[in-house]
Number of protein chains: 2
Amino acid sequence: MRLSKRGEYGLRAMIALAEPAEKSSAPQMMQIKDIAAREQISAKFLEQILLALKNAGMLHSKMGVGGGYYLARSAKEITLGQIFRVLDGPVAPIKCVSHMAYEPCGCPDEETCGLRLTMNDVRNAIADILDNTSLSDVTKRQHAVRKKLGIK
Amino acid sequence: MRLSKRGEYGLRAMIALAEPAEKSSAPQMMQIKDIAAREQISAKFLEQILLALKNAGMLHSKMGVGGGYYLARSAKEITLGQIFRVLDGPVAPIKCVSHMAYEPCGCPDEETCGLRLTMNDVRNAIADILDNTSLSDVTKRQHAVRKKLGIK
DNA sequence: AATAAAGTCTATTACAATACTAGACTTTCA
DNA sequence: TGAAAGTCTAGTATTGTAATAGACTTTATT
């Protein structure tokens, strides 16, 4: 049940890109090195991650001087589940309950396998959260916590 | 978010050990090779897994001819969460929300980190299921499904 | 046109984890 | 006493993770 560094960095980067877009509805462009510096991540590693996200259609980019990355859709329309699946693969803890990468596990009878039934509940619980939490939800929540703790 | 083979086999074995105990309340003893055969698992690999579970106090064993393994407590008192943690470690998707193996992640401010807040929800959702599902719950559910599908 | 700043793409690498396998040892029962 | 069972430690092949490296392309500025 682990989120990889790849997944963690990618999610953090996407949240960072969504953050300024909170107020101005125009998509905010940021450069790899700035995100890397802010999140304390290897820029070279982050580069690969953002590229993957771009190839998955979640980011757009601009090359050359003054270029950078920006969200391909509004922060409300991008969920953590979408990002997670691009970077870390299926959400399901075991293949036999995966929606995006189903494979039979070794149990004698899948239909009545108690482990499978429970792991299916787990999968759904995780997917419920990740697929119903948008980048916008995350940045809103961050701002709410900051406000509660006194400006900052 | 993956259950390892180690975790999968261990959980399946524990469920197998709980299964016959469903009717007779006396703990049922089973041998490694029988569990391995029934669940189609390498007996040698399963051996290590059961040993780990034994050392964690969840199984008892009897050596020598006619020996085997049996649950150390009743199937009602053993949860999937306990088993999972022995075999696969913390349930949390990221260290900074782990109850059993907390470590700070790299984010600038943990208290207001949106990723952390969401991953904490995920952790709790998983733990809620795994810690509130006992081996007895699993075997009961299996029987219910079997009945629904017509005896078997 | 030249240069520098930015993203693009592919390959390689170091390390750790996973999923086993092997084999010697100990305990127990018949 | 011998076979059947669990115990314990070590080793190994494969894969996954987390990077690192470097050459290439595009674009803005001077």
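Source: prediction; values computed, not measured. Below, chains carry the letters A, B, ... as their sequence lines are ordered, and counting in each starts from 1.
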For a quick test of reading the model: is some side-chain N or O of [X] closer than 4.0 Å to OP1 or OP2 of [N]?
X: Ser4(A); N: dG16(D); result: no
X: Ser42(B); N: dA19(C); result: no
X: Ser61(B); N: dA5(D); result: no
X: Lys44(B); N: dA22(C); result: no
X: Tyr69(B); N: dT7(D); result: yes
X: Tyr9(A); N: dA19(D); result: yes
X: Lys62(B); N: dA5(D); result: no

Distance, rounded to the nearest Å, where [X] contributes [atom1] and [N] contributes [atom2]:
X: Met63(B); N: dC29(C); atom1: CE; atom2: P; answer: 12 Å
X: Gln31(B); N: dA5(D); atom1: CD; atom2: P; answer: 4 Å
X: Met30(A); N: dA6(C); atom1: CE; atom2: P; answer: 13 Å
X: Leu3(B); N: dT18(C); atom1: CG; atom2: P; answer: 11 Å
X: Ile32(A); N: dT25(D); atom1: CD1; atom2: P; answer: 18 Å
X: Ile49(A); N: dA19(D); atom1: CD1; atom2: P; answer: 8 Å
X: Glu8(A); N: dT17(D); atom1: CD; atom2: P; answer: 14 Å
X: Arg6(A); N: dC15(C); atom1: CZ; atom2: C1'; answer: 18 Å

For the residue pair [X] and [Y], confirm or rule out a side-chain donor-acceptor distance under 3.5 Å.
X: Thr118(B); Y: Asp121(B); value: no
X: Gln142(A); Y: Glu19(A); value: yes
X: Lys76(A); Y: Ser134(A); value: no

Seminar exercise, completed: Per nearest nucleotide of DNA chain D, the residue lying toward the 5' end, Gly64(B) or Phe45(A), is Gly64(B)

For this session: Would you state whether a donor and an acceptor, one from the side chain of Glu47(B) and one from the base of dC20(C), lie under 3.5 Å apart?
Result: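 Answer is no: no donor-acceptor pair is held.
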
Problem set entry | dG6(D) base / Lys33(B) side chain donor-acceptor hit below 3.5 Å | no

Exercise. Quick one: does Arg85(B)'s side chain have a donor or acceptor within less than 3.5 Å of a partner on Gly89(B)'s backbone?
Worked result: no

Exercise. Is a side-chain donor or acceptor of Arg123(B) paired with a backbone partner of Ser98(B) at a separation under 3.5 angstrom?
Worked result: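 No; zero donor-acceptor contacts below 3.5 Å.
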
For this session: On DNA chain C, check which nucleotide each of Val65(A) and Asn55(A) is closest to and give me the residue with the more 5' one.
Result: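 This one resolves to Val65(A).
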
For this session: Report the residue from Asn132(A), Asp131(A), Ile129(A), Thr133(A) that forms a side chain to side chain contact (heavy atoms under 4.5 Å, CB included) with Leu80(A).
Result: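 Considering Asn132(A), Asp131(A), Ile129(A), Thr133(A), a side chain to side chain contact (heavy atoms under 4.5 Å, CB included) with Leu80(A) is found only for Thr133(A).
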
For this session: Looking at every strand, decide which applies to Leu50(A) at a 4.0 Å heavy-atom threshold: base, sugar-phosphate, or nothing.
Result: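 The answer is nothing, as Leu50(A) stays clear of every strand by at least 4.0 Å.
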
Exercise. Contact class for Lys5(B) (heavy atom, under 4.0 Å): base, sugar-phosphate, or nothing?
Worked result: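 The residue Lys5(B) makes sugar-phosphate contact but no base contact.
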
